[in-house]
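These notes concern the structure reproduced below.
Small disclaimer: the values here were computed from a predicted structure and weren't measured.
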Amino acid sequence: MSPEILDYLKSSRCLIILDDVENIFQFSNFAGHYLTEYKDYSKFFQQIATSSHQSCVILISWEKPADIETLENENQHTKTLHLQGLGEDAKAIFQEKDLKDDEKWEELITLYQGHPGWLNIITLAIKELFNGQVYQCLIDEDEVFLGDIEALLENHLEHLSELEYHVINWLARQNEPIDILQKPANLELSNARFIKVLQSLNRRCLVEKVLIEEKVKFKVNSLFRIYLNN
């Protein structure tokens, strides 16, 4: 980062938003490793986090930079916020698009996790294919219609290393969340390596931690689980 930018952040209150930050990371490697041409972003993030200024930088990403975790531990001003779904507010999307069967809207929000992008895609598909009738989209309990969401999920999975891809496919087939040391039997993988893989998948927001009887376990994000099993 040039000194001029840092001086500007110190002298003025700025808000910088960087979206789709996952695009500056390597494919086929563990999460958060920068592409060669974008390695300077690591220095940029560190300088922003450790310098005294009155501005704010927001990174929006599916994938968490590894050095951000270190900065969080060292600097109280660096925070990670896991965005939640829209909840009830998602109904505004359905109202705007004149979807029918409002008694089914809650089910739609739950299924697609209140994700505004996914809900917009599915809403347009319901308008196109079912004339706005939500119940027709939800009629089969054993299958979930993903439509154009599939391409977004596939694009995210393309970032995975070979080990991550094997583990997430195995994890998606489990009926219950798994213990952190419950590694797949068909992979010659040390416990330490398996934990590293889970950490990377967690940093990609592909697996979720759940607390069961005071034990931390892991499961695949529900929509990715549906996609992988289909």
Side-chain angles (χ1 to χ4, degrees), residues 15-26 29-34 41-42 44-46 48-49 55-93 106 108-122 144 146 149 152-161 164-165 167-168 171-172 174 176-180 194-228:
L15 172 62
I16 300 175
I17 300 176
L18 302 178
D19 201 0
D20 294 330
V21 173
E22 67 273 7
N23 291 325
I24 68 175
F25 300 126
Q26 297 175 23
N29 202 344
F30 287 148
H33 291 269
Y34 296 91
Y41 272 94
S42 178
F44 171 68
F45 298 150
Q46 288 182 39
I48 290 290
S55 298
C56 181
V57 177
I58 297 176
L59 312 182
I60 302 174
S61 178
W62 272 96
E63 188 172 332
K64 185 176 181 178
D67 45 8
I68 292 296
E69 191 126 352
T70 303
L71 289 170
E72 281 184 285
N73 291 329
E74 297 176 349
N75 188 321
Q76 62 176 333
H77 301 298
T78 304
K79 304 288 185 184
T80 296
L81 174 65
H82 293 281
L83 296 180
Q84 304 299 314
L86 292 179
E88 285 286 318
D89 293 337
K91 293 181 179 181
I93 296 173
E106 289 282 358
L108 205 62
I109 292 169
T110 300
L111 184 60
Y112 298 102
Q113 302 173 26
H115 189 299
W118 295 349
L119 288 174
N120 270 302
I121 289 172
I122 291 302
V144 174
L146 295 176
I149 293 175
L152 301 178
L153 303 184
E154 180 61 30
N155 180 66
H156 196 46
L157 293 171
E158 285 176 354
H159 286 250
L160 301 187
S161 65
E164 287 176 294
Y165 197 76
V167 169
I168 197 172
L171 190 55
Q174 307 309 305
E176 302 289 339
I178 63 101
D179 186 270
I180 196 166
F194 179 61
I195 293 170
K196 176 68 175 177
V197 173
L198 279 181
Q199 181 187 47
S200 186
L201 290 172
N202 186 57
R203 285 176 173 172
R204 297 185 193 278
C205 303
L206 287 174
V207 301
E208 302 166 3
K209 292 185 294 183
V210 293
L211 194 62
I212 299 177
E213 296 179 350
E214 298 186 356
K215 289 191 69 176
V216 174
K217 299 197 175 186
F218 291 85
K219 65 177 183 177
V220 177
N221 174 286
S222 58
L223 213 61
F224 279 94
R225 183 174 187 270
I226 289 164
Y227 173 74
L228 289 166

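Note on ring orientation: taking the six-membered ring where Trp is involved, the planes of W118 and H115 are parallel (angle under 30°, cut-offs 30° and 60°). Between F224 and W62, the ring planes lie perpendicular to each other; the angle is over 60°, past the 30° to 60° tilted range.
At least one side-chain heavy atom of V197 sits less than 4.5 Å from a side-chain heavy atom of F30. Residues Y112 and I121 are not in side-chain contact: their nearest non-hydrogen atoms beyond the backbone lie 4.5 Å or more apart. Counting heavy atoms from C-beta on, the side chains of L18 and L59 come closer than 4.5 Å.
Scanning all heavy atoms of the two residues, the minimum distance from L223 to L111 falls at CD1-O, 3.6 Å. The two residues A172 and V220 have their closest heavy-atom pair at N-CG2, 3.7 Å.
Here the rule is salt bridge (charged side-chain N to carboxylate O under 4.0 Å, His left out) with D179, and of K209, K215, K219 only K215 fits it. For the side chain to side chain donor-acceptor pair (under 3.5 Å) with R204, the lone residue among H159, E22, Q199, E164 that qualifies is E164. Of the candidates L157, N221, L153, L206 forms a side chain to side chain contact (heavy atoms under 4.5 Å, CB included) with just one, namely L157.
Judged by distance alone, the side chains of Y34 and D67 do bring a donor and an acceptor atom under 3.5 Å apart. A donor-acceptor contact closer than 3.5 angstrom links the side chains of S42 and Q46.
Between the S200 side chain and the K196 main chain, no donor and acceptor come within less than 3.5 Å of each other. In this structure, the side chain of E72 engages the main chain of T80 through a donor-acceptor pair within 3.5 Å. In this structure, R203 contributes its side chain and E63 its backbone to no donor-acceptor pair below 3.5 Å. Of the possible donor and acceptor atoms, none in the side chain of N202 sits under 3.5 Å from a partner among the backbone N and O of L198. Looking at Q84, its side chain does come within 3.5 Å of a backbone N or O of H82 through a donor-acceptor pair.
Around the OH atom of Y227, the shell of radius 6.0 Å holds more than 12 heavy atoms that belong to other residues, nucleotides or ligands.
Legend: residues meeting side-chain contact (heavy atoms from CB on, under 4.5 Å) with L15, ordered by chain and number and at least two apart, are I17, C56, I58. For E208, the salt bridge (charged side-chain N to carboxylate O under 4.0 Å, His left out) criterion is met by no residue, not counting sequence neighbours.
Expressed to the nearest 0.5 Å, how far OG1 of T78 lies from CD1 of I48 amounts to 10.0 Å.
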